[in-house]
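See below for the structure under consideration.
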Amino acid sequence: AKEVANDVMVVIMQAAAQKNSGSEAAQSVNEIMAWADTIISADQKIKHRTLNYQTRPVYQNKTITGWSASQQLQLQSDDIEALTKMAGTLQQQLQIVSMRFQVSPERREEELDTLIIEALEAFRSKAELVTRTLKAQDYRLVNLSIDENGYPMPYPAVVQAEAMAARAAAPSVEAGESKVQVSVTGSIQLIF
């Protein structure tokens with residue numbers, strides 16, 4: 001296992017509006033999302049996509065008193081500083097729902113390749129140790145399994161929200177590390 005520095009940041013933001021009608025609420029959210037899209041599209045370092053669009057009634061005493069609409073926006077970049085600044089700018093009209101850090105697929109693959117080699121070398125060394133200790137002439141590999149342990153869950157990000165008066169300020173972040181792990185199991189047959 002190895003602790004690997006997270007090199008990708010993912011931020012989920014949300015635009016929300018409450019109006020007298022569903023169409024007014026939806027139009028307000030659409031305008032906010034169009035504004036956000038214009039700002040994000042100017043920065044080629046940040047990937048983005050929309051998520052979870054909802055329009056729903058607002059009740060008071062079992063009577064519909066208005067309509068609420070919301071849509072989420074996912075931002076992702078390996079330029080953590082640029083994405084942090086972008087999130088700060090977008091907080092003028094959107095709210096941060098979540099923020100997480102992860103290891104990029106490319107970096108994860110590089111680390112896995114290194115860990116697999118190390119794990120196989122450790123397995124070979126133990127097989128040779130067993131062979132020597134039991135005074136066998138050699139060993140034969142019967143089976144071998146390599147477990148890359150799936151995609152590790154990233155450690156929680158440190159996110160410090162500023163007071164509501166400073167909504168447009170960029171959040172304070174620390175990328176942290178994730179564990180990338182490989183295990184090798186197998187069996188050998190000793191040759192005497």
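Residues take their numbers from the sequence shown, with the count starting at 1. Below, all heavy atoms of this structure are taken into account, side chains as well, without hydrogens, waters or symmetry copies.
Put simply, Phe123 and Leu115 are part of the same group of oily side chains (I, L, V, M, F, W, Y) that touch within less than 4.5 Å, one to the next. Side-chain heavy atoms closer than 4.5 Å link hydrophobic residues (I, L, V, M, F, W, Y) into clusters, and following such links, even through other members, never connects Val182 to Ile117. Ile32 and Val11 fall within the same hydrophobic cluster, where Ile, Leu, Val, Met, Phe, Trp and Tyr residues are linked whenever their side-chain heavy atoms come under 4.5 Å apart, directly or through other members. Cluster membership check: Val10 does not share its hydrophobic cluster with Met86, using side-chain heavy-atom separations under 4.5 Å among Ile, Leu, Val, Met, Phe, Trp and Tyr.
Between Leu90 and Leu75 there is a side-chain heavy-atom pair separated by less than 4.5 Å. Inter-residue side-chain proximity for Arg108 and Glu111 is flagged as unmet; no heavy-atom pair is nearer than 4.5 Å. The shortest distance between side-chain heavy atoms of His48 and Ser41 falls below 4.5 Å. Residues Asp37 and Leu73 are not in side-chain contact: their nearest non-hydrogen atoms beyond the backbone lie 4.5 Å or more apart. Val103 has its side chain within reach of Asp7: a pair of non-hydrogen atoms, C-beta onward, lies under 4.5 Å apart. By the 4.5 Å heavy-atom criterion applied to side chains, Thr65 and Tyr59 are not counted as neighbours.
Between Leu190 and Ala136, the shortest heavy-atom contact is CB-CB, 4.0 Å. The minimum heavy-atom distance linking Ala17 with Val29 is given by the pair N-CG2, 3.8 Å. Closest approach of Met33 to Ala15, counting heavy atoms only: SD-CB, 3.8 Å.
Heavy-atom contacts from other residues, nucleotides or ligands closer than 6.0 Å to CD of Glu81 number 12 or fewer. Other residues, nucleotides and ligands place more than 12 heavy atoms under 6.0 Å from the CD atom of Glu31.
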